[in-house]
Student: 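This is the structure, below, for whatever I ask next.
Any value given below was found using the heavy atoms of this structure, including those in side chains, with hydrogens, waters and symmetry copies removed. These numbers were taken from a predicted model, which means no experiment stands behind them. Naming: A, B, ... by sequence-line order, numbering from 1 per chain.
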Protein chains: 2
Amino acid sequence: MLEISDLAQQTGLSAHTLRYYEKRGLIKASNRSEAGYRFYTDSDVRRVQFVKAARNAGFSLNDIGQLLSIRVDKHSHSCQEVTDITQKKLLEVNAKMAELQSMQQTLELLLASCCGGPENATHCSIMEALDAGLSRENEN
Amino acid sequence: MLEISDLAQQTGLSAHTLRYYEKRGLIKASNRSEAGYRFYTDSDVRRVQFVKAARNAGFSLNDIGQLLSIRVDKHSHSCQEVTDITQKKLLEVNAKMAELQSMQQTLELLLASCCGGPENATHCSIMEALDAGLSRENEN
DNA sequence: TATAAGCTTAGAGCTAACTCTAAGGTCAAT
DNA sequence: ATTGACCTTAGAGTTAGCTCTAAGCTTATA
Ligand SMILES: [Zn+2]
Ligand SMILES: [Zn+2]
Ligand SMILES: [Zn+2]
Ligand SMILES: [Zn+2]
């Protein structure tokens, strides 16, 4: 039986975060001491590790809630439900990537155009480009 | 002289957002009517467009505040200051991209491994992979 | 037994960039 | 003069995921 700080150490999450996850309904200590201290079993540890792996994959805590309810009763859920959640997340990630790529490209162009030197910015091509609205092309 | 809703229409930002930008110190109506209505000049419009272009490039409102103070007094600032801000932002964007790319790769692997079918999830390889902590390899 | 470390809870605070509400004033048109 | 659309302000609410605080117990060690 692990106390919360032991679990924190084993998972790399803070005790605060673990209590927060409990408040969110994601995890729960299997046992409590008479004084109310949380005690975690190996099964609890595995559940937390599942949550952590899902976080690394990019799932939101809400997504993870769904994945966890599938996990505890796999018989009542299908592979399709799991892929639906995963696919949806992939689409979100792809959308954000596209946004960031556009920023990246813009920033690289800006940097390539500016001398970056110590003289004053009256002629700065970055400022000019921003003044020109990034030379059209940006719908949205 | 444009009223706030005219400026909103011209820039594609909401009047709420424009007032918010003013509260943040980014923009300001050059004039006010006797009743207190904001009136914007062409110069104000260009400033808002600068802000919008900078937002599109990924700059935060704080960054934009700095860029704007360079913009109004280019003689007292150098190209280097501008590139510093831009470079810093590019590094942030690159960091986020790396994070997202890792998620993307993970999600794609997960999707490739799962049948996605209607049968129950007792054998689901996505669930298994998450249970296995995404097969090690994820430092952090 | 005293001290320190760690546990409990409810709830506030943080970040970023909006987004919206309430309560009221203004303006053009009917 | 009365709609209705628009304007003003201060300030609260939203989102996600923590992060921290306060006030008070509990437990282990010296
Ligand atoms: Zn230069
Ligand atoms: Zn320059
Ligand atoms: Zn399957
Ligand atoms: Zn599956």
Student: On DNA chain C, compare the nucleotides closest to A/Asp6 and B/Ser33; which residue's is nearer the 5' end?
Tutor: A/Asp6
Student: Quick one: B/Lys52 NZ to C/dC18 C1', roughly how many Å, whole number?
Tutor: 15 Å
Student: Return yes if some donor-acceptor pair links the side-chain N/O of A/Asp44 with the main-chain N/O of A/Ser30 below 3.5 Å, else return no.
Tutor: yes
Student: Does the A/Thr106 side chain pair with the main chain of A/Ser102, one donor and one acceptor, at a distance under 3.5 Å?
Tutor: yes
Student: Taking the side chain of A/Ser5 as heavy atoms from C-beta outward, which of D/dT8, C/dG6, D/dC6 is closest to it?
Tutor: C/dG6
Student: Take the protein atom CD of A/Glu22 and the nucleotide atom C1' of C/dG11, then report the distance between them rounded to whole Å.
Tutor: 16 Å
Student: Would you mind reading off the distance between A/Arg24 atom CZ and D/dT19 atom P, rounded to a whole angstrom?
Tutor: 14 Å
Student: May I have the distance from A/Leu18 (atom CG) to D/dC20 (atom P), rounded to whole angstrom?
Tutor: 14 Å
Student: For the pair made of OH in A/Tyr37 and P in C/dT9, what is the distance, rounded to whole Å?
Tutor: 11 Å
Student: Can you tell me which residue pairs pass the side-chain hydrogen bond (donor to acceptor under 3.5 Å, both in side chains) test with a partner in residues 108-124 of chain A, sequence neighbours excluded?
Tutor: A/Ser113-A/Ser125, A/Asn120-A/Thr122
Student: Would you mind classifying the nucleic acid contact of B/Ser14 as base, sugar-phosphate or nothing, using non-hydrogen atoms under 4.0 angstrom?
Tutor: nothing
Student: More 5' along DNA chain D: B/Lys23 or B/Arg19, using each one's nearest nucleotide?
Tutor: B/Arg19
Student: Take A/His16 and A/Asn62, find for each the nucleotide of DNA chain D with the closest heavy atom, and name the residue whose nucleotide sits nearer the 5' end.
Tutor: A/Asn62
Student: Take the C1' atoms of the five end pairs on each side of the helix from C/dT1-D/dA30 to C/dT30-D/dA1, derive the two axes, and give their angle rounded to 10 degrees.
Tutor: 20°
Student: Kindly determine whether A/Arg38 and A/Asn31 satisfy side chain to side chain donor-acceptor pair (under 3.5 Å), including the steps that lead there.
Tutor: CA-CA 6 Å; A/Arg38 290 167 178 82; A/Asn31 306 290; over 6 Å; no
Student: Nearest to the A/Ser60 side chain among D/dT19, D/dG17, D/dC6, which nucleotide is it?
Tutor: D/dG17
Student: Between C/dA17, D/dG17, C/dC27, which one does the side chain of B/Ala35 approach most closely?
Tutor: C/dC27
Student: Check every strand shown and say whether A/Tyr21 touches a base, only sugar-phosphate, or nothing at a heavy-atom separation below 4.0 Å.
Tutor: sugar-phosphate
Student: Might you confirm whether atom NZ of B/Lys74 has over 12 heavy atoms from other residues, nucleotides or ligands at distances under 6.0 Å?
Tutor: yes
Student: Between D/dC7, C/dA17, D/dT19, spot the one nearest the side chain of B/Leu61, thanks.
Tutor: C/dA17
Student: More 5' along DNA chain C: B/Glu34 or B/Phe59, using each one's nearest nucleotide?
Tutor: B/Phe59
Student: Check whether any side-chain heavy atom of B/Phe59 lies under 4.5 Å from a side-chain heavy atom of A/Leu107, and answer yes or no.
Tutor: yes
Student: Would you kindly give the OH-to-P distance between A/Tyr40 and C/dC7, to the nearest whole Å?
Tutor: 10 Å
Student: Please determine whether a side-chain nitrogen or oxygen atom of B/Arg55 lies at a distance below 4.0 Å from atom OP1 or OP2 of C/dA16.
Tutor: no
Student: I need the CZ-C1' distance between B/Arg38 and C/dT26, as an integer number of Å.
Tutor: 14 Å
Student: Between D/dT27, D/dT9, C/dT8, which nucleotide gets closest to the side-chain atoms of A/Arg32?
Tutor: C/dT8
Student: Hey, are the side chains of A/Arg32 and A/Phe39 touching, using non-hydrogen atoms and a 4.5 Å cut-off?
Tutor: no
Student: When you look at CD of B/Gln9, are more than 12 heavy atoms from neighbouring residues, nucleotides or ligands closer to it than 6.0 Å?
Tutor: no
Student: In whole angstroms, how far is the C1' atom of D/dC20 from the OH atom of A/Tyr20?
Tutor: 14 Å
